[in-house]
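Ligands are counted one by one from 1 in listed order, and the atoms in each one are counted from 1 as well. Along the sequence shown, the residues carry numbers beginning at 1.
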Amino acid sequence: MNTINEKLQPILNTVLHRNAGEAEFHQAAREVLESLGPVIAKKPEYFDEALIERICEPERQIIFRVPWIDDNNQVQINRGFRVQFNSALGPYKGGIRFHPTVNIGIIKFLGFEQVFKNALTGLPIGGGKGGSDFDPKGKSDHEIMRFCQSFMTELHRHIGEYVDVPAGDIGVGAREVGYMFGMYKRLNNRFEAGVLTGKSLVYGGSRARKEATGFGTAYFVRSMLDVKGVDVAGKRCVVSGSGNVAIYAMEKIMSFGGKVVACSDSGGYVVDENGIDLDLVKQIKEVRRGRISEYVELRGDGCHYITGGSIWDVPCEIALPCATQNELNGRDAKTLVENGVIAVAEGANMPCTPEAVDLFESAKVLFAPGKAANAGGVATSALEMQQNASRDSWSFAKTEGRLEEIMANIHTACHETAEEYGAPGNYVVGANIAGFVRVADAMRALGVI
Ligand code: GLU
């Protein structure tokens, strides 16, 4: 377990006390604070207790009731959240998650991560996150629409292209963003394209936004391997999840010549030794909105499905957790290391437990934390804002080219920062310090606000 600098311990204590019971937020804050020891040792001017404490305290937290009527004419009540964490670098920016596990602690952890992630992109975006404990699974299209409209009926007064720009996350894709944008437009009587990102291409979305998070994760893996003189081509790869991030991480890894042999959803995982058939996964998940268990029936021989279990039991050289927080624990990390994994990159937000990260570090496995490896999604959201602001629409190639460049810059920043602060090869330390320094510099310039 990493230790925390004694000067930072009181700040962590305040976070734990002030946010009692919010385990995921504690985990995220502890990880960042643990990384800051070398900054304080090397550049004491960054030890501004009040500033670090402010970084750990959201600027604003909004919690609201979301009533809606289901298809049986029953009134349902959910809870909505938006945590506006830090706007030193730009308007709050971050996705909206619809999942039954959502609570204030989860949204706060995601918002906190988002602050540093967004800083790493080098683009002018602050950090925030929102969501609801609404479960989209099994809901009809009309129910989804009514929920989104009710959610926006409250949220609209807190957001805006210069204020706070939400997007998608788990359970929220182009369909939900569309329903929310429609309601925002109606309530405000203005076509404010830049108020939400992840929009459909037909009314102001950006090309390559859908693919961006997964593509970006694959680019980051390629950069980490490049440093070691290793090629993605021919490597066995396991990707958890089968949503937007997983699908496009698989696609890019395959285009680099990697062989993806397994993916999953919350019900179980599928192993296909011939290589995952991505068109089939897209058909099941993007078109039918079905379960990954259907893959085996549709694909035929050479593959199998395991209900429950751990996808990390499948031997691989590259592991990309792209499902959800804390999905890969110490046991899984041990198995992966024993099976010869060489690189792990977090496509999801904080999918590896602290114990798993420690194991990867001590086994010298290349490990990319989510705030660096999955930053391509939000970076491309910022490119969508740019296109909306200039009333322009870029080609796929131009947008992907910018994404590739941004991911390369993030990799360089993490790598060089880790070296500068005496932790060569440690991308967790590199990402946390590089993100922190950017946010701290902007906050100091703005005075105590
Ligand atoms: N939800 C994504 C993330 O975790 C994207 C956020 C955005 O595009 O604003 O970074």
Side-chain angles (χ1 to χ4, degrees), residues 24 28 81-87 89-99 102 106-121 123-132 155 159-161 163-174 176-177 180-181 193-200 204-217 220 241 243-249 321-325 327 345-351 368-388 399 402-403 406-407 410 431 435:
E24 291 83 2
F81 303 90
R82 187 73 184 166
V83 171
Q84 298 179 330
F85 222 112
N86 194 302
S87 60
L89 289 170
Y92 309 106
K93 182 83 198 83
I96 287 177
R97 175 178 292 193
F98 290 165
H99 194 271
V102 163
I106 299 260
I107 298 298
K108 232 187 262 178
F109 120 65
L110 291 164
F112 184 74
E113 288 284 294
Q114 201 81 47
V115 172
F116 302 97
K117 182 195 306 193
N118 294 3
L120 282 172
T121 66
L123 298 165
I125 40 178
K129 202 84 183 191
S132 173
L155 188 68
I159 62 174
E161 71 175 304
V163 181
D164 182 355
V165 182
D169 195 81
I170 293 172
V172 178
E176 291 73 17
V177 168
M180 287 192 272
F181 185 79
V195 69
L196 287 164
T197 62
K199 299 183 294 295
S200 159
S206 171
R207 290 185 181 80
R209 173 62 190 90
K210 184 172 70 167
E211 295 83 355
T213 313
F215 277 16
T217 303
F220 202 93
N244 193 48
V245 181
I247 286 176
Y248 294 98
C322 297
T324 194
Q325 68 271 1
E327 54 155 308
E346 296 187 320
N349 289 312
M350 207 171 74
K371 59 173 77 71
N374 72 38
V378 75
T380 309
S381 276
L383 302 181
E384 184 172 332
M385 291 162 74
Q386 249 180 67
Q387 292 169 73
N388 294 151
T399 318
R402 287 283 290 124
L403 166 67
I406 292 165
M407 292 312 295
I410 296 174

What I want to check is whether the side chains of Thr197 and Arg209 have a donor and an acceptor closer together than 3.5 Å. no

of all protein heavy atoms, closest to atom 6 (C) of ligand 1 is Gly95 N, 3.5 Å

When every non-hydrogen atom of Ile107 is compared with those of Phe81, the smallest separation belongs to CG1-CB, 4.0 Å

Lys117 heavy atoms, cut-off 4.0 Å: which ligand 1 atoms fall inside? 3 (C), 4 (O), 10 (O)

I need the atoms of ligand 1 closer than 4.0 Å to a non-hydrogen atom of Ser381, numbered in the order shown. 7 (C), 8 (O), 9 (O)

Result of checking Phe116, Tyr92, Phe112 against Phe85 for ring pair (Phe, Tyr, Trp, His ring centres under 6.0 Å): Phe112

Under a heavy-atom criterion of less than 4.0 Å, does Arg97 contact ligand 1? no

Side-chain donor-acceptor pair under 3.5 Å between Asn244 and Lys210, yes or no? no

Over all heavy atoms of both residues, which pair between Ile410 and Ala375 is shortest? Give the atoms and the distance, please. CD1-CB, 3.7 Å

For Arg209, atoms of ligand 1 separated by under 4.0 Å from a heavy atom: 5 (C), 7 (C), 8 (O)

Distance only, no hydrogens: is a donor on one side chain within 3.5 Å (strictly under) of an acceptor on the other, for Glu113 and Asn349? no

Would you mind telling me if ligand 1 is within reach of the side chain of Glu384, the backbone, both or neither, using heavy atoms under 4.0 Å? neither

Can you confirm, on distance only, whether ligand 1 has an N/O atom lying under 3.5 Å from any N/O atom belonging to Asn374? no

Region of Glu113 that comes within reach of ligand 1 [heavy atoms, distance under 4.0 Å]: neither

Considering all heavy atoms, the nearest Val172-Ala167 contact: CG1-O, 4.2 Å

How does Asn349 reach ligand 1, by side chain, by backbone, by both or by neither, if only non-hydrogen atoms under 4.0 Å count? side chain

Atom 9 (O) of ligand 1 has as its nearest protein heavy atom Lys93 NZ, 2.7 Å

At a 4.0 Å cut-off, with the gap strictly under it, does some heavy atom of Gly198 reach an atom of ligand 1? no

So Met385 and Lys93, do their side chains get closer than 4.5 Å, heavy atoms only? yes

Who gets closest to atom 2 (C) of ligand 1 by heavy atom: Gly370, Ala167, Gly168? Gly168

